[in-house]
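Structure, as structure tokens:
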Amino acid sequence: MSSAITPVIITPNLRLRAFTADDFAACQRLWAGEQVAEARRLNAEQVWSKLLRHLGHWQLMGYGYWALEVRSSGQFIGSVGLAYNRRDLPAHYADLVEAGWTLLPEAQGKGYATEAARAVLAWADQQLQAGLFCIIDPDNLRSQALAKKLGFHFAEVAAYGHKAVWLYRRGEYRQPD
């Protein structure tokens, strides 16, 4: 896949749209704030690089991340999407697509993450037919609960960077021998 344009997805409460350079300030708040595990918080340069990755992912892979807006106000509240990050994880994750979500604190607890992620997973089921996984910090109970609600199942603990992370798989999965 290549050179895809980010499709707009409309849900009852949200608009999922392409990121733009105008999202930089909101993304700084999103990816450097308390809602992100301390070890994963980003500085301004890293936020800019991540924003560029989100945009470029659509061009190279034909899928990627969406910016989330509340439909009634147009307020930016986070990101949700799919990526092929080539992470240093066990080999049996090499061909899987990673799902992820991050919401600003004021948007949490309102069902927005569930609504957005369900829309993205429905899009993925139609467009990608790919195996999906997600990486969740062991202390992030909200993301663990959301992953389970979305049909992900705990698969294993893996070392990533300098810490242990929990890996969840969606759909049929058998632990490798």
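Values below: all heavy atoms of this structure, side chains included; hydrogens, waters and symmetry mates excluded. Residues take their numbers from the sequence shown, with the count starting at 1.
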Atom [atom1] in [X], atom [atom2] in [Y]: separation rounded to 0.5 Å?
| X | Y | atom1 | atom2 | value |
| --- | --- | --- | --- | --- |
| Asn85 | Arg53 | CG | CZ | 7.0 Å |
| Ile135 | Glu98 | CD1 | CD | 4.0 Å |
| Phe152 | Cys134 | CZ | SG | 4.5 Å |
| Arg41 | Asn43 | CZ | CG | 13.0 Å |
| Leu89 | Phe133 | CG | CZ | 5.5 Å |
| Leu104 | Ile77 | CG | CD1 | 7.5 Å |

Taking all non-hydrogen atoms of both residues into account, name the closest pair between [X] and [Y] and its distance.
| X | Y | result |
| --- | --- | --- |
| Asp139 | Gln144 | N-NE2, 4.2 Å |
| Leu103 | Ala113 | CD2-N, 3.7 Å |
| Thr6 | Ala18 | CB-CB, 3.6 Å |
| Gly81 | Val120 | CA-CG1, 4.1 Å |
| Ala116 | Leu16 | O-CD2, 4.0 Å |
| His92 | Leu96 | O-CD1, 3.9 Å |

[Y] backbone acceptor or donor facing [X] side chain under 3.5 Å:
| X | Y | answer |
| --- | --- | --- |
| Trp123 | Tyr63 | no |
| Gln59 | Leu55 | no |
| Asp23 | Thr20 | yes |

Practice task
Please name all residues satisfying side-chain contact (heavy atoms from CB on, under 4.5 Å) with Ser72, sequence neighbours left out, ordered by chain then number.
Solution key: Val70
Handout entry: Which residues share a side-chain contact (heavy atoms from CB on, under 4.5 Å) with Glu115, sequence neighbours left out
Key = Thr11, Pro12, Asn13, Leu14
Problem - Pair Leu68-Tyr112, side-chain contact (heavy atoms from CB on, under 4.5 Å): steps then yes or no - result: CA-CA 9 Å; Leu68 299 180; Tyr112 292 151; 5.8 Å; no
Exercise for the section: Could you tell me whether Glu45 and Lys50 make a salt bridge, using a distance below 4.0 angstrom between a side-chain N and a carboxylate O? Expected result: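 The answer is no: the pair does not qualify as a salt bridge.
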Does a side-chain heavy-atom distance below 4.5 Å link [X] with [Y]?
| X | Y | answer |
| --- | --- | --- |
| Leu167 | Pro90 | yes |
| Arg15 | Trp66 | no |
| Asn140 | Arg142 | yes |
| Leu132 | Leu121 | yes |
| Leu82 | Tyr65 | no |
| Arg17 | Glu69 | yes |
| Phe76 | Leu30 | yes |
| Val97 | Met61 | no |

Exercise for the section: Run through the side-chain heavy atoms of Ile, Leu, Val, Met, Phe, Trp and Tyr, join any pair under 4.5 Å, and report what else lands in Val8's cluster. Expected result: Ile10
Handout entry: Parallel, tilted or perpendicular, as decided by the 30° and 60° cut-offs, for the rings of Trp48 and Phe24
Key = perpendicular
Exercise for the section: Specify whether Trp31 and Phe19 have parallel, tilted or perpendicular ring planes, treating 30° as the upper limit for parallel and 60° as the lower limit for perpendicular. Expected result: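 Ring orientation of Trp31 relative to Phe19: tilted.
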Exercise for the section: Report the C-alpha separation of His153 and Lys148 in whole Å, then their side-chain angles, then the decisive distance to 0.1 Å, and conclude whether the side-chain contact (heavy atoms from CB on, under 4.5 Å) test is met. Expected result: CA-CA 6 Å; His153 305 281; Lys148 291 173 187 172; over 6 Å; no
Practice task
List the steps and the verdict of side-chain contact (heavy atoms from CB on, under 4.5 Å) for Lys149 and Arg118.
Solution key: CA-CA 10 Å; Lys149 189 186 295 188; Arg118 282 188 174 143; 3.5 Å; yes
Handout entry: Tyr93 versus Glu156, side-chain donor and acceptor atoms under 3.5 Å
Key =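 Result is yes, a qualifying pair exists.
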Problem - Pair Trp101-Ser143, side-chain donor/acceptor within less than 3.5 Å - result: yes
